[in-house]
K.L.:
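Can you read through this structure? Questions will come right after.
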Amino acid sequence: MPGLKNISTIAAPPERVWAVLADVERWPERIPTVTVAERLDDGPLHVGARTRLKQPKLSEAVWTVTELTENSSFTWESRSPGVKITAEHLVEPHENGTRLTLSLLLTGPLAGFGWLLTRSMTRRYVAAEAASIKKAAE
């Protein structure tokens with residue numbers, strides 16, 4: 001199963017990092033790899049919440065939250081023909097502030113092919129997302 005993980009340390013308390021991370025509607029202002037983030041329901045993130053994301057060079061996707069631990073983590077999934085993409089976002093206390101872990105996993109019959117086409121760009125996007133969250137939180 002193709003995937004990647006990005007771990008970074010942020011010099012800010014976990015509550016601040018979580019506030020930046022969970023405010024997905026503001027991602028286009030903060031994260032250059034997201035041009036549109038439209039919540040499709042009201043209120044804070046919750047299991048079942050859906051967000052429409054548009055990213056440069058990628059198809060528009062609707063992401064659905066499948067797991068959420070308030071102030072700590074959320075996982076959401078997006079599907080396209082033959083591929084399911086699972087993205088995990090984890091905020092943990094660290095001696096220097098917060099450890100942010102962003103993980104992406106592709107599964108399904110076309111996952112290998114999809115990963116072959118997007119691996120390099122996906123690595124750059126996830127690294128840029130982590131750096132942008134760090135900048136906004138610090």
K.L.:
Ring pair (Phe, Tyr, Trp, His ring centres under 6.0 Å): which pairs involve residues 93-133, sequence neighbours left out?
P.N.:
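For residues 93-133, and leaving out neighbouring residues, there are no ring pair (Phe, Tyr, Trp, His ring centres under 6.0 Å) pairs at all.
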K.L.:
Arg79: which residues meet the salt bridge (Lys or Arg N to Asp or Glu O under 4.0 Å) condition with it, sequence neighbours left out?
P.N.:
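In terms of salt bridge (Lys or Arg N to Asp or Glu O under 4.0 Å), with neighbours along the sequence ignored, Arg79 is linked to Glu77.
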K.L.:
Looking at every non-hydrogen atom in both residues, tell me the closest pair between Ala137 and Ala12 and how far apart they are.
P.N.:
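Nearest heavy atoms, Ala137 then Ala12: O-CB, 3.6 Å.
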K.L.:
Please round to the nearest 0.5 Å and tell me the distance separating atom CD1 of Ile85 and atom CG of Leu105.
P.N.:
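With rounding to 0.5 Å, CD1 (Ile85) is 10.0 Å from CG (Leu105).
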K.L.:
Return a table of donor-acceptor pairs under 3.5 angstrom between the side chains of residues 15-38 and protein atoms on other chains or two or more places apart.
P.N.:
unit_1, atom_1, unit_2, atom_2, d
Arg16, NH2, Ala136, O, 2.8
Arg26, NE, Glu29, OE1, 3.1
Arg26, NH2, Glu29, OE1, 3.1
Trp27, NE1, Leu21, O, 3.0
Thr33, OG1, Glu129, OE2, 2.9
Thr35, OG1, Lys54, O, 3.0
Glu38, OE1, Arg52, NE, 2.8
Glu38, OE1, Arg52, NH2, 2.6

K.L.:
Taking all atoms of both residues into account, what is the closest heavy-atom pair of Asn6 and Ala130, and its distance?
P.N.:
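It is OD1-CB, 3.4 Å.
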K.L.:
Verify the cluster assignment for Leu110 and Leu58: are they in a single hydrophobic cluster under the rule of side-chain heavy atoms below 4.5 Å apart?
P.N.:
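They do not share one cluster, since no chain of ILVMFWY contacts under 4.5 Å joins Leu110 to Leu58.
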K.L.:
Could you pull out every donor-acceptor pair under 3.5 Å between side chains of residues 41-48 and any protein atom, sequence neighbours left out?
P.N.:
unit_1, atom_1, unit_2, atom_2, d
Asp41, OD1, Arg39, NE, 3.4
Asp41, OD1, Arg39, NH2, 2.7
Asp41, OD2, Arg50, N, 2.9
His46, ND1, Pro44, O, 3.0

K.L.:
With heavy-atom distances below 4.5 Å as the criterion, would you say the side chains of Ile10 and Glu138 are in contact?
P.N.:
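Sidechains of Glu138 and Ile10: in contact.
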K.L.:
Distance check, rounded to the nearest 0.5 Å: Ile133 atom CD1 versus Lys135 atom NZ?
P.N.:
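These two atoms lie 13.5 Å from each other.
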K.L.:
Using 0.5 Å steps for rounding, measure from the OG1 atom of Thr69 to the CZ atom of Phe74.
P.N.:
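Thr69 atom OG1 to Phe74 atom CZ measures 12.0 Å (nearest 0.5 Å).
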K.L.:
Run the side chain to side chain contact (heavy atoms under 4.5 Å, CB included) test on Lys134 and Leu100 for me, step by step, so that the C-alpha distance in whole Å, both residues' side-chain angles and the decisive distance to 0.1 Å come before the verdict.
P.N.:
CA-CA 9 Å; Lys134 176 182 175 80; Leu100 173 66; over 6 Å; no
K.L.:
Just jot down the side-chain contact (heavy atoms from CB on, under 4.5 Å) partners of Ala87, sequence neighbours excluded, or say none.
P.N.:
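Counting only residues at least two positions away or on another chain, Ala87 forms a side-chain contact (heavy atoms from CB on, under 4.5 Å) with Trp63, Trp76, His89, Leu104.
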K.L.:
Using only atom types and a distance under 3.5 Å, with no angle test, would you say the side chain of Glu92 pairs donor to acceptor with the backbone of Arg99?
P.N.:
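Not at all, since once roles are kept as given, no pair shorter than 3.5 Å links the two residues.
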K.L.:
Give, for atom CG of Leu90 and atom OG of Ser73, the distance between the pair rounded to the nearest 0.5 Å.
P.N.:
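Result: 6.0 Å between the selected atoms.
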K.L.:
Of all residues at least two apart in sequence or in a different chain, which pass the salt bridge (Lys or Arg N to Asp or Glu O under 4.0 Å) check with Glu67?
P.N.:
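In terms of salt bridge (Lys or Arg N to Asp or Glu O under 4.0 Å), with neighbours along the sequence ignored, Glu67 is linked to no residue.
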K.L.:
Enter the distance from Thr9:OG1 to Asn96:CG here, rounded to the nearest 0.5 Å.
P.N.:
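Going from the OG1 atom of Thr9 to the CG atom of Asn96 covers 6.5 Å.
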